[in-house]
Enquirer: 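Got a structure for you, questions after.
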Amino acid sequence: MDKGIENLTSARKLLKANVEKSKALGLSLEKAGPRLDEINQRLPSLEISIRPIRAQRDALGTVGGHINRAVVPAAAVLKVFDAIHGLEKSLSDPQSDLPGYLGVLKRLEEATRFLGENCGMAIQWLADIVEYLEDHKVADNRFISGLKKALECLRQLEVGEEKGRLDGGLLEVALDRLENEFRRLLTENSVPLPMSSPTLPGEQACIAPSPLPVPVIQKLQAILGRLIANNRFDRCLSIYIEVRSLNVRASLQALNLDYLEISISEFNDVASIDGYIAQWGKHLEFAVKHLLEAEYKLCNDVFERMGLDVWKSCFADIAAQAGILAFLQFGKTVTESKKDPIKLLKLLEIFASLNKLRLDFNRLFGGAACAEIQNWTRDLIKRLIQGACEIFWELLVQVELQRHTPPPPDGSIPRVVTFITNYCNELLGDDYKPILTQVLVIERSWKHEKFQEGILMNELRNLVKAIELNVETWSRAYEDAVLSYVFLMNTHWHLYKHLKGTDIGTLLGDSWLREHEQYKEYYSSLYLRESWGKLPALLSREGLILFSGGRATARDLVKKRLKSFNEAFDDMHRKQSNWVILDKDLREKTRQAIIQTIVPVYRSYMQNYGPLVEQDPSANKYAKYTAQSLEKIFNSLFQPKPVKQGSLRVRQSSGKFNNGIADEHQTSPTVK
């Protein structure tokens with residue numbers, strides 16, 4: 001029994017001890033929960049860490065060799081990479097030390113190029129490692145993904161993609177600074193000089209900006225060398241064209257070239273823009289011979305190493321952007337204006353300006369690069385020649401059309417007569433004859449016709465002959481024959497006096513001139529005889545000798561004859577008071593001829609027989625004029641009416657000449 005109690009006591013103690021252990025174990029488990037959670041979270045990374053250990057023995061054995069083979073080229077890449085960033089501190093300011101900057105930049109290019117070239121080997125072995133790790137699951141997927149991204153960056157660097165630059169674009173930044181220095185050098189050395197338009201004789205235009213200094217050109221070429229090596233030539237070229245074309249445009253702004261943009265709707269005819277056309281030739285010559293000539297030479301100096309095509313293309317862009325086409329457009333606008341004889345002169349002036357610059361145009365704008373300028377120039381020259389020839393050959397037709405228009409009602413010279421004679425002299429002058437001849441030669445060559453040397457002279461001679469025929473036709477149109485004599489006297493004297501000693505007068509010959517002088521004399525005498533020459537006969541002395549008839553009879557005869565004289569004089573003066581003789585000498589000579597014909601006879605008559613009527617209550621009816629008053633009246637005859645300055649219209653909107661009254665002072669067909 002005692003033994004049973006002893007066993008029970010032992011069991012109780014054992015049970016109690018186990019309960020205590022359970023409680024202790026439960027408490028320990030409760031405390032170990034957070035630690036287990038922490039261990040659970042760390043298990044994936046631990047698994048990655050021990051995966052190589054878990055990998056197959058042969059995979060672990062070979063991965064070391066792959067890594068060792070990639071270490072050497074990878075280390076070389078890293079070393080060059082570090083060298084590149086070391087050069088960053090050596091990059092100076094290109095403005096203060098361009099040679100030093102270019103030297104460091106060249107080393108940077110070489111290092112970057114070496115980096116790109118030697119990445120190939122590192123990339124090859126790294127790719128092998130990544131592939132091996134991925135195939136044998138030696139490394140985690142995220143780790144392998146990171147390696148792949150780094151590998152792609154290396155590949156991009158190797159093929160030259162900027163987004164893969166290992167140095168974060170250090171070379172690109174350095175090149176950008178060099179481009180800025182290129183622009184600065186150009187801008188600061190491209191300041192245009194003030195210029196003015198040479199409008200007065202002896203006035204000199206400002207000299208165009210001289211080419212860049214030699215040291216500046218050398219710096220530009222040095223910069224170009226580095227930028228071209230880095231595929232940035234196009235950007236340099238754009239900068240150069242932009243800066244230099246703006247410089248030329250700034251140089252031209254002082255010339256006030258707003259007129260180049262004028263449209264046809266803004267002027268009535270070429271005469272109204274005559275001043276602009278004169279400026280155009282001077283401005284174009286200045287732009288070509290000075291400004292663009294300097295740019296042409298400068299393009300050659302700066303870009304000569306790039307080749308002929310490159311620098312000529314650069315110059316072509318500068319010329320176009322500077323506004324050379326605007327000059328040609330203005331010429332085209334003139335060719336599209338309304339046709340009239342004055343336009344012929346203006347077309348010849350424009351052609352002369354272009355012809356004067358022909359060699360310069362061929363040299364500066366030759367080649368494929370300036371094809372647009374060449375096309376514009378050829379088109380303008382074609383328009384000028386065709387337009388000038390068309391007007392020239394139509395002149396005779398226009399003169400003949402005037403034959404059916406009424407003559408001037410005052411007997412003066414028809415405007416077409418003065419215009420054509422002066423116009424022919426213009427065309428035969430040194431300013432126009434050589435150019436017109438050249439234009440006609442070119443036109444004939446286009447038509448495959450031979451140019452006849454005398455064609456110009458013959459056409460001008462025909463124009464004057466047509467004028468002569470017009471004069472004859474107009475003279476027959478007057479109802480009053482005496483007025484027609486004044487008209488013929490006027491025109492023949494004009495053809496003689498104003499053509500004598502001129503080019504057209506020399507062409508027509510002395511016999512032709514003398515013929516018109518004789519015609520003038522003939523119609524002057526005919527005019528005097530058929531008009532004022534009839535008045536002296538009215539003051540007849542027949543029957544006035546005092547005889548047995550007595551004083552009363554004589555008084556009646558004097559009254560009757562004075563009355564007839566006064567009526568004839570008043571009628572003749574009334575009709576002729578509005579007649580005009582344009583030439584001052586002819587006008588004075590005609591007045592004196594009338595005075596010599598009338599006044600002495602009238603004075604003598606009144607001295608002898610005036611007393612017979614002076615005592616009569618109605619004496620004023622008969623002794624109406626004195627010799628002095630008659631002379632004063634005659635001296636007021638044929639006076640030209642005031643002509644408004646600049647009112648001459650050579651041609652109406654219908655395209656025909658305006659056959660109005662000519663101004664005796666009008667000596668040129670050009671309307672100012």
Side-chain angles (χ1 to χ4, degrees), residues 189-213 217 240-241 243-260 275-304 308 311-332 334 346-367 369-378 380-381 384 430-431 434-435 438:
N189 292 278
S190 298
V191 180
L193 296 178
M195 293 182 294
S196 61
S197 176
T199 56
L200 299 175
E203 181 181 349
Q204 294 183 351
C206 293
I207 300 174
S210 60
L212 301 182
I217 294 177
Y240 184 90
I241 293 170
V243 174
R244 294 305 298 181
S245 60
L246 286 175
N247 185 66
V248 176
R249 291 189 71 87
S251 302
L252 291 174
Q253 283 178 356
L255 299 178
N256 189 19
L257 300 178
D258 292 342
Y259 69 88
L260 294 179
Y276 291 149
I277 296 175
Q279 291 180 45
W280 179 87
K282 297 175 182 177
H283 292 165
L284 178 63
E285 181 177 358
F286 189 84
V288 172
K289 282 186 169 292
H290 295 272
L291 298 181
L292 294 180
E293 176 69 31
E295 294 304 319
Y296 184 84
K297 293 179 179 177
L298 189 58
C299 283
N300 180 33
D301 291 341
V302 175
F303 298 104
E304 60 179 340
L308 185 67
W311 70 260
K312 282 208 168 185
S313 176
C314 174
F315 169 75
D317 289 338
I318 291 175
Q321 293 185 23
I324 185 65
L325 296 181
F327 282 95
L328 301 177
Q329 175 60 54
F330 176 80
K332 181 181 177 182
V334 174
K346 301 300 116 182
L347 295 181
L348 292 178
E349 290 174 13
I350 294 176
F351 180 86
S353 297
L354 290 173
N355 190 59
K356 184 179 180 181
L357 298 172
R358 179 171 55 87
L359 295 179
D360 299 282
F361 264 70
N362 290 340
R363 180 172 50 84
L364 296 179
F365 308 124
C370 294
E372 184 179 14
I373 298 176
Q374 294 170 21
N375 292 336
W376 273 74
T377 306
R378 280 194 293 265
L380 176 55
I381 291 175
L384 292 171
D430 294 337
D431 291 337
I435 299 301
Q438 184 178 358

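Residues: numbered from 1 along the sequence shown.
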Enquirer: So, do L298 and I217 sit near enough that their side-chain heavy atoms are less than 4.5 Å apart?
Expert: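 SC-SC contact between L298 and I217 confirmed.
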Enquirer: Just by modelled atom types, is the G367 backbone N or O under 3.5 Å from a matching donor or acceptor in the Q374 side chain?
Expert: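 Side chain of Q374 to backbone of G367, a donor-acceptor pair under 3.5 Å: yes, one is there.
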Enquirer: Compare every heavy atom of I373 with every heavy atom of A316, then report the nearest pair and how far apart it is.
Expert: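 In terms of heavy atoms, the two residues are closest at O-CD1, 4.4 Å.
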Enquirer: For Y259 and H283, take the angle between the two ring planes, folded into 0 to 90°, and tell me which bin it lands in: parallel under 30, tilted 30 to 60, perpendicular over 60.
Expert: tilted
Enquirer: Is there a side-chain contact between L380 and F327 in this structure, where contact means two heavy atoms from C-beta onward sitting under 4.5 Å apart?
Expert: no
Enquirer: Look up atom CG in N355 and atom CD in Q438, then write down how far apart they are to the nearest 0.5 Å.
Expert: 4.0 Å
Enquirer: With heavy-atom distances below 4.5 Å as the criterion, would you say the side chains of W311 and D301 are in contact?
Expert: no
Enquirer: Which heavy atom of A287 sits nearest to which heavy atom of L252, and what is that distance?
Expert: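 Minimum heavy-atom separation between A287 and L252: CB-CD2, 4.1 Å.
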Enquirer: Out of curiosity, Q253 CD to L246 CG, how far, rounded to the nearest 0.5 Å?
Expert: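 Between atom CD of Q253 and atom CG of L246 there are 9.5 Å.
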Enquirer: Would you say the side chain of D317 lies within less than 4.5 Å of the side chain of S245, judging by non-hydrogen atoms?
Expert: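 In short, these two side chains do not touch, never coming nearer than 4.5 Å.
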Enquirer: What pair of heavy atoms forms the shortest contact from Y240 to C314, and how long is it?
Expert: CD2-SG, 3.4 Å
Enquirer: Supply the atom-to-atom distance K297 NZ to L212 CG, rounded to the nearest 0.5 angstrom.
Expert: 13.5 Å
Enquirer: Determine the sole option in D360, L364, L284 for which the side-chain contact (heavy atoms from CB on, under 4.5 Å) test with K289 is passed.
Expert: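 When D360, L364, L284 are each tested with K289, the side-chain contact (heavy atoms from CB on, under 4.5 Å) holds only for D360.
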Enquirer: Can you name the closest pair of heavy atoms from I324 and A319 and give their distance?
Expert: CG2-O, 3.0 Å
Enquirer: Determine the interplanar angle of the F315 and F365 rings, folded into 0 to 90°, and report it as parallel if under 30°, tilted if 30 to 60°, perpendicular if over 60°.
Expert: parallel
Enquirer: To the nearest 0.5 Å, tell me how far D430 CG sits from I435 CD1.
Expert: 11.0 Å
Enquirer: For K346 and E349, run salt bridge (Lys or Arg N to Asp or Glu O under 4.0 Å): C-alpha distance rounded to whole Å, both residues' side-chain angles, the deciding distance at 0.1 Å, then the answer.
Expert: CA-CA 5 Å; K346 301 300 116 182; E349 290 174 13; 2.7 Å; yes
Enquirer: For R244 and N189, work out which heavy atoms get closest and say how close.
Expert: NH1-O, 4.1 Å
Enquirer: Given the side-chain rings of Y276 and F330, with only the six-membered ring counted for Trp, is the space between their centroids under 6.0 Å?
Expert: no
Enquirer: Quick one: pull up CG in N362 and OG1 in T377 and give me the separation to the nearest 0.5 Å.
Expert: 9.0 Å
Enquirer: Is it the case that over 12 heavy atoms from other parts of the model lie below 6.0 angstrom from the NZ atom of K356?
Expert: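 No.
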Enquirer: Could you give the distance from CG (L291) to CZ (R249), rounded to the nearest 0.5 Å?
Expert: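 Between atom CG of L291 and atom CZ of R249 there are 12.0 Å.
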Enquirer: Show the nearest heavy-atom pair for residues G331 and I350, with the distance to one decimal.
Expert: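 Closest pair (atom of G331, atom of I350, distance): CA-CD1, 4.4 Å.
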